[in-house]
Amino acid sequence: MREVLYECFECGLLLPALGHKISCDDCGGILQYHYPNLRPKKLSDLTERDLPGLWVFQKVLPLLKPASNMISLEEGRTNLYEDRTITKMVGREDVDFLIKDESTNPTGTIKDRSASVALSVYKERDVPNITLSSTGDTATSYGLYNQKVYKKLAIFVPMDRENDINFDDESDRTRIILVNGRYVDAESLSLKMAEETPYVLDGGFSNPNQIAGLETMAYETYFQLFEKYGKKARNLIDSGKVWYIHPTGSGKGLLAWYQAIERLKDYGFLKEYIHLVCVQPEGCASMVEPALKNQEKVTQRINSITWAKTIENEYPKQCYPYVKYVVKETQGIFHKVGEKKSKEIYDKSDDLFEIQIMSPTAIAIQAAIDLADKFDSDDVVIIGYTGVEREKRHYVFQRIGPISKDKTISQLLDENPQILY
């Protein structure tokens, strides 16, 4: 019989996975999912091949009744391939540089994995009203997937990121609230919305549903390494010769990879960790800088000057301790890349890769170049190609604002009562 529980990442407390929960009742730590009755004996026991997209890994996803509640647009099952252009740019012919290409997801980004699982869980557990904040990609993914489930979404987005929201809303249930401020201001308003209205906080980094969706990227990659290298893959992984470079905003992707690796270790499919590499642009190295100084906490907001706004995170107060832990636990690396060099890769990407990559991918590629001397001969370095630039046109969705970052929720609702209906 299938059972799904919440498990605290910090104290290990187990709780029934009911409704929507983003923190531990005992210690306040973030939650992950635990599947007590899952005991796979071979890799194929983790999959259900007849299910679409990432739902092939339904056994390590939190739905109890996927047939009736799964929201899928064929996300996932993205390609893993070697990129000779990057090999030449890095100058290491003795190292395999692989791209995990998330640009083929429905909206062209990794965020579709999170949206698919989160909205499916909200459907199954009857969570009607959800609020969140976004720099654009998550808003796009949630907005598109909400066309299948019709939840009431209130998504706060910085005004200067409006053009990065790329979905057409036919349900009229997704409200994009533009904020005249930065991402931290949009995040603050979303928190207040959850405190003062019937909306529940999606949680972003703290949302175990989002993390579970992102875990599937790691499972896919593990399977694909065996498809590419055969039996050699186990020796590569067990010898600690596999790296994953992740362009980091909140760190959800790194946490998801760590949780997936931990499961694979618990099930006996891994002996060693895949090394996790946290990379940020030097203009907003809000986690890399304190990690390099071995700080325990982040206590102050920084003023970002990065061009890579998609992964801008000026105050990772909650995220940082977890990201620091998973990178250190996997003997990974914290690294910041130059603004100018990474922007040059972005600007030249059409010529280099025949596609316009997004800023996070340029950050990850530049990190691979910078870290060339850190890799040993025959290492495998996986670069998170987290998305592709989408078509620029006028998308039809319900815009509210822009509103002042200092506006109260009661003022917002007085001026826009449709948010509650």
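The figures here come from the full heavy-atom set of this structure, side chains too, leaving out hydrogens, waters and symmetry mates.
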Peer 1: For the CG atom of N180 and the CG atom of D406, what is their distance to the nearest 0.5 Å?
Peer 2: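 Going from CG on N180 over to CG on D406, the span is 9.5 Å.
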
Peer 1: Do the side-chain N and O atoms of W307 and S342 include a donor-acceptor pair separated by under 3.5 angstrom?
Peer 2: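 Their side chains do contain a donor-acceptor pair, which is all the 3.5 Å distance test asks for.
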
Peer 1: With a 3.5 Å cut-off and no angle check, do the side chains of K324 and Q295 form a donor-acceptor pair?
Peer 2: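 Note: K324 and Q295 side chains miss the donor-acceptor criterion.
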
Peer 1: Got a donor-acceptor contact below 3.5 angstrom from the E75 side chain to the L73 backbone?
Peer 2: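 Side chain of E75 to backbone of L73, a donor-acceptor pair under 3.5 Å: yes, one is there.
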
Peer 1: Closer than 4.0 angstrom, basic N to acidic O: yes or no for E220 and R77?
Peer 2: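 Looking at R77 together with E220, the answer is no, because their closest N to O distance does not fall below 4.0 Å.
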
Peer 1: Less than 3.5 Å apart, any donor N or O on the side chain of S133 or Y183 sitting next to an acceptor on the other?
Peer 2: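 Looking only at side-chain atoms, Y183 and S133 do form a donor-acceptor pair, the distance falling under 3.5 Å.
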
Peer 1: Less than 4.0 angstrom from a charged side-chain N to a carboxylate O is my criterion; do K65 and E124 meet it?
Peer 2: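 Answer for the salt bridge query: no.
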
Peer 1: With no hydrogens and no angle check, just 3.5 Å: does a side-chain donor-acceptor pair link H246 and Y244?
Peer 2: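 Yes - a donor-acceptor pair under 3.5 Å links their side chains.
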
Peer 1: So, T174 and N146: side-chain donor and acceptor under 3.5 Å apart, yes or no?
Peer 2: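 Note: T174 and N146 side chains meet the donor-acceptor criterion.
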
Peer 1: What I want to check is whether the side chains of E262 and Y273 have a donor and an acceptor closer together than 3.5 Å.
Peer 2: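 Side chains of E262 and Y273: pair found under 3.5 Å.
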
Peer 1: Salt-bridged, E312 to K309, with N to O below 4.0 Å?
Peer 2: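 So E312 pairs with K309 through a salt bridge.
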
Peer 1: Do we see a donor-acceptor contact under 3.5 Å between the side chains of D169 and Q147?
Peer 2: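 Result is yes, a qualifying pair exists.
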
Peer 1: Who passes side-chain contact (heavy atoms from CB on, under 4.5 Å) against S141, sequence neighbours left out?
Peer 2: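 S141: side-chain contact (heavy atoms from CB on, under 4.5 Å) contacts with T107, T109, K111, D112, A115.
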
Peer 1: Would you say S349's side chain and I357's backbone share a donor-acceptor pair under 3.5 angstrom?
Peer 2: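 Such a contact is found between S349 side chain and I357 backbone.
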
Peer 1: Classify the side-chain pair N209/Y122 by whether it contains a donor and acceptor separated by less than 3.5 Å.
Peer 2: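 Per modelled atom types, N209 and Y122 side chains form no pair under 3.5 Å.
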
Peer 1: Whether R263 and D266 form a salt bridge (side-chain N of Lys/Arg under 4.0 Å from carboxylate O of Asp/Glu) is what I want to check.
Peer 2: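 Looking at R263 together with D266, the answer is no, because their closest N to O distance does not fall below 4.0 Å.
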
Peer 1: To the nearest 0.5 Å, how far apart are OG in S190 and OH in Y199?
Peer 2: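 Atom-to-atom, S190:OG and Y199:OH are 10.5 Å apart.
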
Peer 1: Does this structure show an ion pair linking E215 with R113, if we count only N-O contacts that are shorter than 4.0 Å?
Peer 2: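 No, no charged N to carboxylate O under 4.0 Å.
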
Peer 1: Going by distance alone, is a donor N or O of one side chain under 3.5 Å from an acceptor N or O of the other, for N105 and E102?
Peer 2: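 A donor-acceptor contact under 3.5 Å links the two side chains.
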
Peer 1: Is the closest side-chain donor-acceptor distance between Y385 and D83 under 3.5 Å?
Peer 2: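 Looking only at side-chain atoms, D83 and Y385 do not form any donor-acceptor pair under 3.5 Å.
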
Peer 1: Taking the inter-plane angle between the rings of F9 and Y322 on a 0 to 90° scale, is it parallel (under 30°), tilted (30 to 60°) or perpendicular (over 60°)?
Peer 2: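 Perpendicular.
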
Peer 1: Would you call K21 and D25 a salt bridge, taking side-chain N to carboxylate O under 4.0 Å as the test?
Peer 2: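 Judged by the 4.0 Å cut-off on N to carboxylate O distance, K21 and D25 do form a salt bridge.
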
Peer 1: Scan side-chain atoms only and decide if D45 and Y267 contain a donor-acceptor pair under the 3.5 Å cut-off.
Peer 2: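 Not at all, the side chains of D45 and Y267 share no donor-acceptor pair under 3.5 Å.
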
Peer 1: Can you label the angle between the Y219 ring and the F57 ring as parallel, tilted or perpendicular, going by 30° and 60°?
Peer 2: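 Rings of Y219 and F57: tilted, 30 to 60°.
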
Peer 1: Answer with yes or no whether the side chains of S410 and T408 bring together a donor and an acceptor at under 3.5 Å.
Peer 2: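 Looking only at side-chain atoms, S410 and T408 do form a donor-acceptor pair, the distance falling under 3.5 Å.
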
